[in-house]
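Have a look at the structure below before the remarks.
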2 protein chains.
Amino acid sequence: MQRELTYEAVLSYPGHPSAEDVYRVISSRYSTISKATVYRNLNALYEEGKIGKVPPMIGYEAHYDHRTDHHCHAICTRCGKVVDVDVQYDSAMFTNAVSMEEGFMLDSHDLIFEGTCMECRNKEKEDGTEGI
Amino acid sequence: MQRELTYEAVLSYPGHPSAEDVYRVISSRYSTISKATVYRNLNALYEEGKIGKVPPMIGYEAHYDHRTDHHCHAICTRCGKVVDVDVQYDSAMFTNAVSMEEGFMLDSHDLIFEGTCMECRNKEKEDGTEGI
DNA sequence: TACCTTATTGATAATAGATATCAATATGAA
DNA sequence: TTCATATTGATATCTATTATCAATAAGGTA
């Protein structure tokens, strides 16, 4: 049941919720849910292929995604917010051109962009730290 | 002084050492070094641009790199080992083609490959788990 | 050299995010 | 209803890392 709530929360979340985000949403109307359950169910849903997971970078929380197709993300290095990126390329380009350690079997790749989102840029301007 | 030891350890390490790896190397001949010092100095060296850092994925330790130029890495999803990847592409291709949230300022990108290294593939074969 | 200021260090506590444990409860088929 | 299985909440634990802070080292200046 809480699994279903978790799934719905991800689907309806505008953007890329972290486990904490999902927990907050659910517990606002189902206050007895445990954080462990949210983590557990997010993992399960991801393993089942029902939700996506943003390639998770150290120093930021893991973020989930209602999209399950392979696409790219940009992460704001200031606040950790994740946004979708639309970029067309032929992924065969990589898998063919890749050379690396003998015997390494390639499964997938992730293309991740880093930068600063508008909110954080505005915040920095206000703080007068932009010229440093 | 320990800073210098840290630097040398990264330079001479075959591959992409984690903080733990570096600590192990140094403490083998300088047993009083503190782990905090290693973490601190790895960060400092990275900030100074003297060593590189592999785009760090959650669930694995951070890995450092004697190379400081922008290049790609593959990570073994079984054991966390990092290997260099040689792949030619025009990065302008991305920065130009990228469209995302209004106002997001792009700084950099990372192209990360995931797969299984030969060691881990062999280990799985031995365990008889390869056919699952 | 003695003095002072700043930087670095080691030991340790603390943190965040996530996972493991486990008894209690729910579910669902027979 | 009964039994087996799955899910849950509460909590302890984990791992990698950072923060704290007193002690020490380094380095410039007089």
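Here is the naming used below: chain letters follow the sequence lines, and residue numbers restart at 1 for every chain. All values below were derived from every heavy atom in this structure, side-chain atoms included, with hydrogens, water molecules and symmetry-related copies excluded.
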Can we say [X] and [Y] salt-bridge, meaning some charged N sits less than 4.0 Å from an Asp/Glu carboxylate O?
X: A/Lys81; Y: A/Glu119; value: yes
X: A/Glu48; Y: A/Arg3; value: yes
X: B/Asp69; Y: B/Arg67; value: yes

Bend angle of the helix from C/dT1-D/dA30 to C/dA30-D/dT1, end axes from five pairs each (to 10°):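 Computed angle between terminal axes is 20°.
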Nucleotide-resolved protein contact map, nucleotides 9-18 of chain C, B/S/- at heavy-atom distance under 4.0 Å: BBBB----SB
Spacing of NE2 belonging to B/His70 relative to OG1 belonging to B/Thr68, to within rounding of 0.5 Å: 12.0 Å
Mutual orientation of the aromatic rings belonging to A/His73 and A/His16 [parallel < 30°, tilted 30-60°, perpendicular > 60°]: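 Rings of A/His73 and A/His16: perpendicular, as their planes differ by over 60°.
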Centroid-centroid distance, A/Phe94 to A/Tyr89, less than 6.0 Å: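 Judged by ring-centre distance (under 6.0 Å), A/Phe94 and A/Tyr89 do meet the cut-off.
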N/O donor-acceptor pair under 3.5 Å between A/Thr6 side chain and A/Gln2 backbone: yes
